[in-house]
*Asks:* 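Provided herewith is a single structure, encoded as structure tokens, for subsequent inquiry.
Numbers here are sequence positions counted from 1.
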Amino acid sequence: MTDLLETIEDGIAWLTLNRPDRLNAFSRAMLQALGEALQRLGGNAEVGAIVITGAGRGFCAGGDVKTMQSRAAQGFEERVEGLRRMHQLPLLLRTLPKVVIAKVNGPAVGAGLGLAMACDLHIAGRSARFGTGFGGVGYSGDFGGSWSLTRLVGTAKARELYFLGDILDAAAAAALGLVNRVVEDEALHSETVALVRRIADGPRVAYGYMKCNLFAAETEPLAAVLEMEAVHQARTAMTEDHLEASRAFVEKRRPVFRGR
């Protein structure tokens, strides 16, 4: 059984973490496959959006606690290098020129929370749960969670979530800004398809530049972001999608974007 399932349907790529018996906790094979898939899909002009979700009743439980003892013999440098390789994933998700949606169908804990928060949009079923989880196993945290949470919920709340490790239900996560939408579990797939369809049918080139601008806005000074916006706006002004949108506005119809 492969640890990652991949399908492409009508311009939407679906990546499903596939270790349901372990609540989709990471394995080395899963992380490698996820990185390779994201790199490939990021350059696929036929893909308008990417969805990451989990098989079964969980989104992702983060690191597999059952395998942590087996890594006890690893030296410090080996552990650091392993984490550095894994950390290419949250950076890739932030910089990928595609909009990535987390479809959170159950617990997203530890690095699984970091994975979800590294996505651009988040839609959760009512039974989804969110937590840092690191303190419970004596870890300090990885996968960019401290960076993401600080920016999403603020310094004080991020500290509370890390130090106390409380588990949030979907409604509480949405109230904090961790989740864009919460829907009933039975409607999660259809609502996700409707949301992702809007992205996949939109101006894909412009979305890629929007994502770049927004990522820079989290770390760069205003002057740098203004310069980036000027360059990207000029580039998108020369796309076929912009010309089509301009014609559609004059003709009072919906634009048909082609992603070029």
Side-chain angles (χ1 to χ4, degrees), residues 6-17 24 34 37-38 41-42 44 47-54 58-60 89-109 111-131 143-145 147-154 158 168-185 187-219 232 236 241 257 259:
E6 177 183 341
T7 59
I8 299 177
E9 301 173 3
D10 197 18
I12 301 172
W14 297 81
L15 298 176
T16 303
L17 311 179
N24 302 311
L34 184 57
L38 289 171
L41 294 168
N44 187 339
V47 172
I50 301 169
V51 180
I52 297 178
T53 190
F59 177 76
C60 180
L89 276 171
L91 184 59
L92 177 60
L93 284 163
R94 292 281 184 178
T95 56
L96 198 72
K98 305 284 184 185
V99 178
V100 184
I101 296 90
K103 174 190 173 187
V104 186
N105 54 308
V109 180
L113 176 64
L115 172 63
M117 295 303 101
C119 296
D120 300 300
L121 296 172
H122 319 93
I123 181 168
R126 190 74 59 185
S127 63
R129 296 292 181 267
F130 302 83
F143 219 86
W147 190 93
S148 297
L149 281 182
T150 297
R151 282 156 179 78
L152 286 169
V153 304
L168 303 176
D169 63 21
L176 284 176
L178 293 180
V179 175
N180 298 101
R181 297 183 182 181
V182 177
V183 300
E184 298 303 324
D185 290 342
L188 178 58
H189 184 72
S190 61
E191 292 288 342
T192 300
V193 170
L195 173 65
V196 181
R197 184 78 270 148
R198 292 176 61 184
I199 300 295
D201 290 345
R204 299 176 184 181
V205 176
Y207 285 159
Y209 285 124
M210 284 181 194
K211 183 169 175 175
C212 188
N213 293 344
L214 292 164
F215 180 53
E218 296 185 83
T219 57
H232 292 166
T236 54
D241 280 349
F257 296 114

*Asks:* For the CD1 atom of Ile123 and the OG1 atom of Thr192, what is their distance to the nearest 0.5 Å?
*Replies:*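 Going from the CD1 atom of Ile123 to the OG1 atom of Thr192 covers 4.0 Å.
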
*Asks:* Donor-acceptor check, side chain of Asp185 to backbone of Ser127, threshold 3.5 angstrom: yes or no?
*Replies:* yes

*Asks:* Under the side chain to side chain contact (heavy atoms under 4.5 Å, CB included) test against Val196, which residue among Val100, Val99, Asp201, Ile101 passes?
*Replies:* Ile101

*Asks:* Taking it one step at a time, do Leu96 and Lys211 satisfy side-chain contact (heavy atoms from CB on, under 4.5 Å)?
*Replies:* CA-CA 8 Å; Leu96 198 72; Lys211 183 169 175 175; 4.0 Å; yes

*Asks:* Can you check whether Ala194's main-chain N or O pairs, donor with acceptor, with Arg198's side chain at less than 3.5 Å?
*Replies:* no

*Asks:* Ignoring hydrogens, what is the shortest heavy-atom contact between Asp169 and Phe130? Give both atom names and the distance.
*Replies:* O-CD1, 4.3 Å

*Asks:* Check whether Asp241 reaches the backbone of Phe257 with its side chain - one donor and one acceptor, N or O, closer than 3.5 Å.
*Replies:* no

*Asks:* For residues Thr53 and Lys103, report the shortest heavy-atom separation together with the two atoms involved.
*Replies:*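 Result for this residue pair: OG1-O, 2.9 Å.
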
*Asks:* Determine whether Thr16 and Thr7 make a side-chain contact, defined as any pair of heavy atoms from C-beta on separated by less than 4.5 Å.
*Replies:* no

*Asks:* Can you tell me how far CH2 of Trp147 sits from CG of Leu152, rounded to the nearest 0.5 angstrom?
*Replies:* 8.5 Å

*Asks:* Among all residues two or more places apart in sequence or in another chain, which pass the side-chain hydrogen bond (donor to acceptor under 3.5 Å, both in side chains) test with Arg126?
*Replies:* Glu184

*Asks:* Of all the heavy-atom pairs spanning Ser148 and Arg94, show the shortest one and how long it is.
*Replies:* OG-NH2, 2.8 Å

*Asks:* Of all residues at least two apart in sequence or in a different chain, which pass the side-chain hydrogen bond (donor to acceptor under 3.5 Å, both in side chains) check with Glu9?
*Replies:*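 If we apply the side-chain hydrogen bond (donor to acceptor under 3.5 Å, both in side chains) test to Glu9, skipping adjacent residues, there are no hits.
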
*Asks:* Report the C-alpha separation of Val109 and Arg129 in whole Å, then their side-chain angles, then the decisive distance to 0.1 Å, and conclude whether the side-chain contact (heavy atoms from CB on, under 4.5 Å) test is met.
*Replies:* CA-CA 8 Å; Val109 180; Arg129 296 292 181 267; 5.9 Å; no

*Asks:* Where do Phe59 and Ala116 come nearest, in terms of heavy atoms and distance?
*Replies:* CE2-CB, 3.7 Å

*Asks:* How far apart are the closest heavy atoms of Gly58 and Pro107, and which atoms are they?
*Replies:*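 For Gly58 and Pro107, the tightest heavy-atom pair comes out as CA-CD, 3.7 Å.
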
*Asks:* Shortest non-hydrogen contact from Ala128 to Ala124?
*Replies:* CB-CB, 3.9 Å

*Asks:* Nearest 0.5 Å please: distance from the OG atom of Ser190 over to the CG atom of Leu195.
*Replies:* 11.5 Å

*Asks:* Are the side chain of Asn180 and the backbone N or O of His122 linked by a donor-acceptor pair below 3.5 Å?
*Replies:*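 Present.
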
*Asks:* Supply the atom-to-atom distance Ile199 CD1 to Tyr207 OH, rounded to the nearest 0.5 angstrom.
*Replies:*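 One gets 4.5 Å once the value is rounded to the nearest 0.5 Å.
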
*Asks:* With a 4.0 Å cut-off on N to O distance, would you call Arg197 and Asp10 a salt bridge?
*Replies:* yes

*Asks:* Stepwise, does the side-chain contact (heavy atoms from CB on, under 4.5 Å) test hold for Val179 with Val104?
*Replies:* CA-CA 9 Å; Val179 175; Val104 186; 6.0 Å; no

*Asks:* Could you tell me whether a side-chain N or O of Thr236 sits under 3.5 Å from a main-chain N or O of Ala206, the two making a donor and an acceptor?
*Replies:*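 Pair absent, no side-chain N/O of Thr236 close to backbone of Ala206.
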
*Asks:* So among Leu34, Asn24, Leu89, which one has a side chain to side chain contact (heavy atoms under 4.5 Å, CB included) with Leu115?
*Replies:* Leu34

*Asks:* Applying salt bridge (Lys or Arg N to Asp or Glu O under 4.0 Å), name anything that partners Glu6, two or more places apart in sequence or on another chain.
*Replies:*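 With sequence neighbours excluded, Glu6 shows a salt bridge (Lys or Arg N to Asp or Glu O under 4.0 Å) to Arg40, given in chain and number order.
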
*Asks:* Assess whether side-chain contact (heavy atoms from CB on, under 4.5 Å) is satisfied between Asp120 and Leu214, documenting all intermediate values.
*Replies:* CA-CA 10 Å; Asp120 300 300; Leu214 292 164; over 6 Å; no

*Asks:* So, taking the atom named CD1 in Ile50 and the one named CD1 in Ile8, what distance separates them when rounded to the nearest 0.5 Å?
*Replies:*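 Those atoms lie 9.0 Å apart.
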
*Asks:* Would you say the side chains of Thr219 and Arg151 form a donor-acceptor pair under 3.5 Å?
*Replies:*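 The criterion, which ignores hydrogens and geometry beyond distance, is not satisfied for Arg151 and Thr219.
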
